[in-house]
Amino acid sequence: MPTAVLDGFLEATVRSATPLAFAALGELVAERSGVMNIGLEGAIAAGALAAFLGAQIAGPEIGFVAGGVAGALVAAVFAFFVLALRSQQIIVGAAVSMLGIGLSASIHRAMVSAGASTAQVQTLASLPVPGLSTLPVVGDALFAQPISTYLLYFLFPLTGWVLYHTVFGVALRATGERPLAVVAAGHSAAKIQLAALIFGGVLAGLGGATLVVAQTGTFSDGMSAGRGFIAIAIVALGRWTPRGVVVGVLVFGAVSALQFLAQAMAWNVPYTLVLASPYVLTLAAMAIFRGSRTAPAALGQPLDGGL
Amino acid sequence: MSGEGFALELRGITKRFGATAALNDASLAVRSGSLHMLLGENGAGKTTFLNIATGNLQPDTGAILLNGQPVVWRHRADALAAGLSAVSQHFSLVPAMTVAENVALAGPRLGAKYNRREAEDTVRRIANNVGLDLDPAAMVGDLSVAAQQRAEIVKAIARNAPVLMLDEPTAVLSPPDAAELLLWLRGFVSSGRTVVVITHRIREAMGYGDEVTVLRRGQTALSAPISSTSEQEVVAAILGATDTGPLAFARQHSTAVRQTLGTSVLALHAASVIDAGGARRLRTTSLEVRGGEVVGVAGVEGAGQYQLLRLLAGRISPTSGRVTLPPSVGFVPEDRHRDALIADFSLVENMALRGIEARRGVMPWAHVALQVQSAITAFDVRGGDVRSTASALSGGNQQKFVLARELADAPQALVVENPTRGLDVRASQEILTRVRDSAAAGSAVVMYSSDINELLATADRVVVCFAGEVYETTLDSDAIGRAMVGVR
């Protein structure tokens, strides 16, 4: 394989992995607290649109932050139904997913037809890390990236540290295992889940924002393209640990980057098949790594009244 | 009255749930540095008392005093902060976490750092200080029940709680483990702490406690130092004056038509049950029930009757030994809402649930509807028809329907568990009469009841479960009551 193709492939891998990494890390925290938020897709879509609009008004950095805020708002809607009204997580999640996708597409269309939107926005500049970016093979792919990618390098270890090295992390994991134990210890399981959900929403929103301000520079309907659901699958495949999720997002990033490789190497395979590969991998991986006993014991179960 | 010398006082506590008063002007005074035993029958209000003391529930009236000072718990965290820790009957441990993590969870500040080594050292230090054997790095789910309990205790005292309350701590333990725990608690109070232990076992209370309080039907029936009371006095306080009342009705009603005893229908042959957690729930037991007789089963909660009844109903298999079952056994579990009926299903659908596991192919709904119709007629089920949901019926009619369903295919044996739970006198009589009728028609009947008088009114003989052992007693409320608390 020519070096240029390999570089391109690795770069495409990291690029594809970035939005997944944000979303999956957020979902990891939510699921460890016992909440299955399948509304992730909606938060990604909302984050993408908010980033697009924010970037038009105040530049890509503000756009990136706006994406996180929008993701938090979508997660707050989910949290209101699940925690305050004790609604079913799966149903609310599905509704929030569709709401986020539909609403962001509608707003975008309305703004385009009103002439209030440009087609392209400025993207975040690539900031090569002196020294590291000149490393052979991985230098460009890992260390000549926009600031959003570097943020991930901090967020993953930080999240791991909070989960395993603070009392809050212990309580959060305990909430996902046995909320009663948390309540018996005098803490509020609902507040812990709320915090986890909002964190997950912010990260999903940032994931959506990277699609716009770190990659395409534009917004298109349905650009979340099922990444929220793939992120959920990655959390399960990663066995609900930050390390496992890192491996998962890289594998999925690499499979998505096959598109790049197929074009560059002029492979004689149907293009649609290559496009479908991440989704096929999701199913294949679920079949291979089935029957996991490491899932949080109370995942998806509503809190009892009074918790 | 000053509260001096009392670590914890509950004064004049009343707590209602709907129309029933779980506690009615009940009081408890726990002397500092003492081991206080709280006794009472099932439903006497012991656990409600504990929940009020630890801030899980708010009393309707009454006061809580801690070291003589009135306190108000808005929620559990208040009581915890004031040093009142509780070990509940159902452990509040996270099985998938280590002992150290579970103890850290009880820390007051969520913002604190969690350092695995420090946390494990803390647990080791507390466990050593109080003389408990515990591995802080072990996964709670891998521990034995006794070790889990030690983990709960360490978790409860990690905040240096001066008052520790334990709800039936020995119910899940083997006798040697239970003795070890009680001995340890004795040593623990001698170091100046105060402990309240809820128990069913009178021997434990008399043998290890300093003082005893007995609750009966939500009221304080006895409160005395162990040294100045006697076993008889405590038993009498627990059981209250025996009144036979209208329950004798059921027995009179159908003993007249009783047949001579048939052959052995249901039998346990040296059967024992060890649960998934490794606890021995039922020791090696042999029992024979013949057609035409009602064998009553008595026992305090967790004494093994749950497993005994489910063995006899064919719902669980013995860990060792054998069970002889007839082709068909009717079973009426205690919690009809959870285990016997689906509230939102129609009576027809609920009827179809019996034997559903053996059915194949198309549901014969017309036939099932006929069964429901005849059950409604034969058992006088009122308030609904074939299409009504189970929830439309009153509790008594639901229970009649469940019993009718279980008897629909004329089973050779019938196992019923607290069949009159939550029913009024009239409905109770009807149910008990039906149970006796079933025996009179030749079925082998086993009935558990938490009400001794009900057993006396219905059963031909009575076996008592205590700490997983089953033995027969005379048909006498005193003898049964004593056997239930381990006095033979």
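Proteins get letters first, then strands, A, B, ... in listed order; numbering begins at 1 in each. Because the structure is predicted, anything quoted here is derived from the model rather than measured.
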With a 4.5 angstrom heavy-atom cut-off, is it the side chain or the backbone of A/A297 that approaches chain B, or both, or neither? neither
Can you measure from CZ (A/R173) to CG (B/L105) and round to the nearest 0.5 angstrom? 10.0 Å
Heavy-atom count check: over 12 atoms from other residues, nucleotides or ligands less than 6.0 Å from A/F80 CZ? no
Taking only heavy atoms into account, what residues of residues 112-120 of chain B are found under 4.5 Å from chain A? B/A112, B/K113, B/Y114
Heavy-atom closest pair (B/S92 atom, A/A181 atom, distance to 0.1 Å) is O-CB, 3.2 Å
Taking heavy atoms only and a threshold strictly under 4.5 Å, list by residue number the residues of residues 155-166 of chain A that touch chain B; give 'none' if the list is empty. A/W161, A/Y164, A/H165, A/T166
So which heavy atom on B/R76 is nearest to which on A/A184, and how close? NE-O, 2.6 Å
Counting only heavy atoms not in A/Q88, do more than 12 fall under 6.0 Å of its CD? no
Those residues at least two apart in sequence (or on a different chain) that pass side chain to side chain donor-acceptor pair (under 3.5 Å) with A/Q145 are A/T149
What's the shortest heavy-atom distance between A/R178 and B/V94, and which atoms? CB-CG2, 4.2 Å
Applying side-chain contact (heavy atoms from CB on, under 4.5 Å) to B/P333 and not counting sequence neighbours gives B/R310, B/F331, B/D339, B/A340, B/E417
